[in-house]
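Below, each value reflects all heavy atoms present in this structure, side chains not excepted, and no hydrogens, waters or symmetry copies.
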Amino acid sequence: MSDVRNNEERSRYELVEQGHLAFAAYEIHGDVITFTHTIVPSSLQGMGVGSRLILGALTDARSRGLKVRPQCPFVAAYIAKHPEWQDLRV
């Protein structure tokens with residue numbers, strides 16, 4: 001997940017692919033990270049970019065001891081499809 005970057009100044013995880021930026025915006029309150037929305041440019045959709053982005057974001061959240069509130073439908077769907085991340089849900 002080294003290609004996924006936590007841009008703390010902008011409160012989002014970022015992934016640059018083919019010169020385009022995909023990102024997952026978040027808010028942190030205490031030990032809970034709330035993913036508010038995920039943006040994947042249309043030119044990158046269907047290529048697994050969003051999944052790689054969220055995998056990197058969740059990996060970082062787990063390493064930081066954060067719980068996850070998946071307000072974003074894409075993040076919620078990703079967690080639902082990958083039971084190994086269920087323990088992070090608030």
Side-chain angles (χ1 to χ4, degrees):
M1 277 32 73
S2 60
D3 49 352
V4 175
R5 176 179 172 264
N6 183 5
N7 184 338
E8 292 184 37
E9 286 183 7
R10 301 196 72 180
S11 297
R12 66 189 193 184
Y13 286 91
E14 300 174 339
L15 175 59
V16 176
E17 185 75 31
Q18 299 177 9
H20 299 282
L21 176 69
F23 66 89
Y26 64 79
E27 299 171 358
I28 295 180
H29 299 285
D31 65 349
V32 176
I33 184 169
T34 300
F35 287 97
T36 56
H37 61 278
T38 301
I39 302 294
V40 176
S42 58
S43 61
L44 298 178
Q45 291 180 2
M47 300 171 56
V49 172
S51 293
R52 284 189 12 240
L53 172 64
I54 300 309
L55 174 60
L58 293 176
T59 299
D60 185 63
R62 176 172 277 152
S63 74
R64 295 169 58 192
L66 297 173
K67 288 293 190 179
V68 174
R69 179 174 289 122
Q71 182 179 345
C72 167
F74 186 86
V75 177
Y78 184 91
I79 291 173
K81 290 178 189 173
H82 298 89
E84 65 271 25
W85 299 106
Q86 293 291 327
D87 64 304
L88 293 184
R89 289 188 69 121
V90 174

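Evaluation of the salt bridge (Lys or Arg N to Asp or Glu O under 4.0 Å) rule for R69 yields no partner, not counting sequence neighbours. Partners of Y13 by ring pair (Phe, Tyr, Trp, His ring centres under 6.0 Å), not counting sequence neighbours, listed by chain and number: Y26. For E17, the salt bridge (Lys or Arg N to Asp or Glu O under 4.0 Å) criterion is met by R52, not counting sequence neighbours. For H82, the ring pair (Phe, Tyr, Trp, His ring centres under 6.0 Å) criterion is met by Y78, not counting sequence neighbours. Residues satisfying the salt bridge (Lys or Arg N to Asp or Glu O under 4.0 Å) test with D60, not counting sequence neighbours, are R64. Residues meeting the salt bridge (Lys or Arg N to Asp or Glu O under 4.0 Å) test with R62, sequence neighbours left out: D87. Residues passing the side-chain contact (heavy atoms from CB on, under 4.5 Å) test with P41 are H20, A22, S43, L44, sequence neighbours excluded.
With values rounded to the nearest 0.5 angstrom, N7 atom CG is found 6.0 Å from R12 atom CZ. Atoms CD1 and OG1, on I54 and T38 in that order, are 4.0 Å from each other to the nearest 0.5 Å. Going from atom CD of E27 over to atom CD1 of I33 covers 10.0 Å, rounded to the nearest 0.5 Å.
In this structure, Q71 contributes its side chain and H37 its backbone to no donor-acceptor pair below 3.5 Å.
The two residues V68 and I79 have their closest heavy-atom pair at CG1-CD1, 4.0 Å.
If you chain together ILVMFWY residues whose side-chain heavy atoms come under 4.5 Å of each other, F23 ends up grouped with V16, L21, I39. Within the hydrophobic cluster formed by Ile, Leu, Val, Met, Phe, Trp and Tyr side chains joined at under 4.5 Å, directly or through other members, V32 is accompanied by V90.
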